[in-house]
Engineer: 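Quick one: this structure, given as structure tokens, is what I'll be asking you about.
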Amino acid sequence: MENPDINAPKSPPLPPPLPPPPQQEEPDSKRLKMSSTTTTSDDEAANTTQKQRYKRRKIAIFFAYCGVGYQGMQKNPGAKTIEGELEEALFHSGAVPEQDRGMPKRFEWARSARTDKGVSAVGQVVSGRFYIDPPGFIDRLNSNLPAQIRIFGYRRVTASFNAKKFCDRRRYVYLIPVFALDPSSHKDRESVLASLGSGQELVKCFECSERGRKIIGVMGKRTYQLGMSVYSENANLKSNGDVDNTNSKSIEEEKTNADESAKEKQDCVGNGVSENVVEAEGIVLNENTDSNLNVGTLNDLKVVEEEEEERVNNGEEKSPKGSEFCYGEKEKERFNRILKHYVGSHNFHNFTTRTKAEDPAAQRYIISFDANTVVNVEGIEFVKCEVVGQSFMLHQIRKLIGLAVAVMRNCAPESLIETALQKNVNINIPTAPEVGLYLDECFFASYNQKWKDTHEELSMKGYEEEAENFKMKHIYSHIASTEHKEGVVALWLHSLNHRNYPDLGYVHNPDLSAAKNPELSAGNNDAATDKNSSEVKEMDSATVTDKDSSEVKEMDGAADKNSSEVKEMDEAADKNSSEVKEMVE
């Protein structure tokens, strides 16, 4: 039998079995953000990797500072400035890398306002690209700053944002003491001397050590003889220029009585009481004092002070400290009217330094300027002067306040403000102390309107309470304490006189006022113009009459000459005719 297995057809070989599919690994779940302070080695490695992926963000930082002890806002090599402190704090907080330290252009640094030496700020804004991660950037920044500089917060801004260029307006506030607006308080020495015997006599200032004299080194270089200034305006001069003998004799007697006290003060100096600075009846002498300031000069300055002190002790006069002056509605209306002269677009070349009238930068626009609020800080009442403008120049606001106070105290006429705003007039304007000035807020209205749908609003909203607390604790308290201890404003008020600022009486010169500012004197000169025109007409008519008479005389002379020539011709004709007759005969 045949084997069926042999005869059966062979089946094709089976394919090799397929390998099993690889198992698909499950993705790792995202690591959750933990606030735990304990970390493992894996966490540290992850944090290192995450830190390297931090990006710089363009932000605007809102902060405040008290400017005492600093040389202004802008960074200046070798000087202690607000920007210098802030840049170092940003570096130590991790916002600025090591390679960019001290190079603000690399992180696009910009500031909204540049305050002067000693000036404070409540709403200052700076911008730049910084590393703001991880969270806690503001706390890290404040921990590396002194107490008088405080960061409020920051806002994310567009990549092209610049704190200086995008700022539309700046608002500054100047706190001026109420007594500074009182014409009878802290008067200069010349006014006190001039008031003696007038029935409305002023008294020597007992509230400050300076007592109405110019402090050498504070108000600039002395260019006058200090001894002559006391009696030059008050001596009774006769018509021939001689001084009254009675007054001169009494002055000499008082000088003799004052020599002993001056010698005692010299002995005190010689005994080492003071090496560099000597206070002699309110005069501050230092190593820069001119050599011609001798003992006789000091005696001259003491003469009237003894008389005034005796009068006050006898109850004949009251101290200015007891003045009943208050910033009422009448004073408020007048002061606001004075400040309104600055509103608008003007050439403020007289209200700054190192800027000429032809420079386009001298043209500035002030939006508003008012003084409607009175605040009491540590027993001193201050008038809050608020000025809003597009931008301001060096010392501009302090000079605006200085001239306004001078006008308010009747040291200068109100028309001088309009004169000082003219382009072709150069006037030396007093500068108010820097201690009362601070930057209140910076505004970004155009930026907020354009980017309101995609970015946060740039304003002090949300920081009002913190800013108010900082202002009262550091800025207002510093202004009041400085006035209590040093009397900065009181000393400055004594300098507001025509001796230190002769230009305060600029418009009193009719020739200059008519030449430089014809509009101010146009109304007063109408009658003079008519009179001059009539006089000119009379002079013209008189000139014409004289001219006519001289011409008539000349014509008469010519007629006489012609008649004499005619007679000579007639005589010659007669002579010729006689000769002809003789020849005929």
Side-chain angles (χ1 to χ4, degrees), residues 174-208 210-214 219 229 233-234 282 304-305 308 311-312 316-342 370-372 374 380-385 398-420 427 429-433 436 483 487-508:
Y174 193 98
L175 295 184
I176 186 72
V178 172
F179 66 78
L181 306 180
D182 183 6
S184 63
S185 68
H186 298 281
K187 292 295 293 183
D188 61 280
R189 185 170 177 78
E190 284 76 7
S191 299
V192 174
L193 293 174
S195 67
L196 297 179
S198 63
Q200 297 179 350
E201 298 180 355
L202 301 172
V203 297
K204 178 182 59 177
C205 181
F206 291 96
E207 300 178 35
C208 53
E210 197 269 341
R211 295 185 183 177
R213 299 192 190 89
K214 181 177 181 181
M219 295 306 301
S229 64
E233 297 182 1
N234 301 282
V304 181
E305 286 188 357
E308 293 173 355
R311 293 169 65 88
V312 174
E316 298 181 11
E317 296 289 339
K318 294 183 179 181
S319 173
K321 192 171 184 178
S323 176
E324 298 179 356
F325 179 84
C326 64
Y327 192 67
E329 293 298 327
K330 184 178 180 181
E331 290 77 14
K332 182 189 297 185
E333 181 182 358
R334 184 191 176 199
F335 195 41
N336 279 282
R337 186 183 71 248
I338 294 172
L339 297 177
K340 287 295 186 295
H341 288 281
Y342 299 126
D370 54 62
N372 298 321
V374 177
I380 301 179
E381 289 188 343
F382 293 91
V383 178
K384 191 175 180 181
C385 306
R398 293 167 58 189
K399 284 183 174 290
L400 295 175
I401 295 293
L403 183 55
V405 172
V407 173
M408 193 70 180
R409 291 173 61 86
N410 302 322
C411 298
E414 188 172 340
S415 59
L416 182 61
I417 298 178
E418 297 295 337
T419 305
I427 295 179
I429 293 176
T431 305
E483 188 60 34
V488 176
V489 177
L491 293 178
W492 173 70
L493 292 176
H494 289 298
S495 69
L496 291 180
N497 51 49
H498 296 275
R499 180 189 65 194
N500 297 328
Y501 299 100
D503 291 341
L504 291 180
Y506 178 84
V507 297
H508 291 299

Engineer: In Å, rounded to the nearest 0.5 Å, how long is the span from OG of Ser184 to CZ of Phe325?
Structural biologist: 8.5 Å
Engineer: Can you name the nearest heavy-atom pair linking Ala432 to Ile401, along with the distance?
Structural biologist: CB-CG2, 4.1 Å
Engineer: To the nearest 0.5 Å, tell me how far Leu504 CG sits from Arg499 CZ.
Structural biologist: 12.5 Å
Engineer: With sequence neighbours left out, what residues match Glu329 under salt bridge (Lys or Arg N to Asp or Glu O under 4.0 Å)?
Structural biologist: Lys332
Engineer: What distance separates Asn497 CG from Arg409 CZ, expressed to the nearest 0.5 Å?
Structural biologist: 10.5 Å
Engineer: Quick check against the 3.5 Å criterion: does Glu418 have a side-chain atom that pairs as donor or acceptor with the backbone of Ser415?
Structural biologist: no
Engineer: Nearest 0.5 angstrom please: Cys385 SG to Leu175 CG, how far?
Structural biologist: 8.0 Å
Engineer: Using every non-hydrogen atom in the two residues, find where Ala180 and Val405 come nearest and quote the distance to one decimal.
Structural biologist: O-CG1, 3.7 Å
Engineer: To check you understand the geometry: which heavy-atom pair defines the closest contact between Tyr327 and Ala371, and what is its length?
Structural biologist: OH-O, 2.8 Å
Engineer: Working to the nearest 0.5 angstrom, can you tell me the gap between Leu400 CG and Leu339 CG?
Structural biologist: 9.0 Å
Engineer: How long is the gap from CG on Leu416 to CD1 on Ile429, to the nearest 0.5 Å?
Structural biologist: 7.0 Å
Engineer: Give me the atom names and distance for the closest heavy-atom approach of Phe335 to Ala404.
Structural biologist: CE1-CB, 4.0 Å
Engineer: Output all residues satisfying side chain to side chain contact (heavy atoms under 4.5 Å, CB included) with Arg337, sequence neighbours left out; order by chain, then residue number.
Structural biologist: Arg334, Glu414
Engineer: Within the side chain of Glu483, is there an N or O that forms a donor-acceptor pair under 3.5 Å with the backbone of Val489?
Structural biologist: yes
Engineer: For Asn372, which residues count as a side-chain hydrogen bond (donor to acceptor under 3.5 Å, both in side chains) partner, sequence neighbours excluded?
Structural biologist: Asn336
Engineer: List for me each residue that meets side-chain hydrogen bond (donor to acceptor under 3.5 Å, both in side chains) alongside Lys399, sequence neighbours excluded, and say none if there are none.
Structural biologist: Thr431
Engineer: Which residues pass the salt bridge (Lys or Arg N to Asp or Glu O under 4.0 Å) test with Lys340, not counting sequence neighbours?
Structural biologist: none
Engineer: Closest heavy-atom contact between Leu496 and Cys411?
Structural biologist: O-SG, 3.5 Å
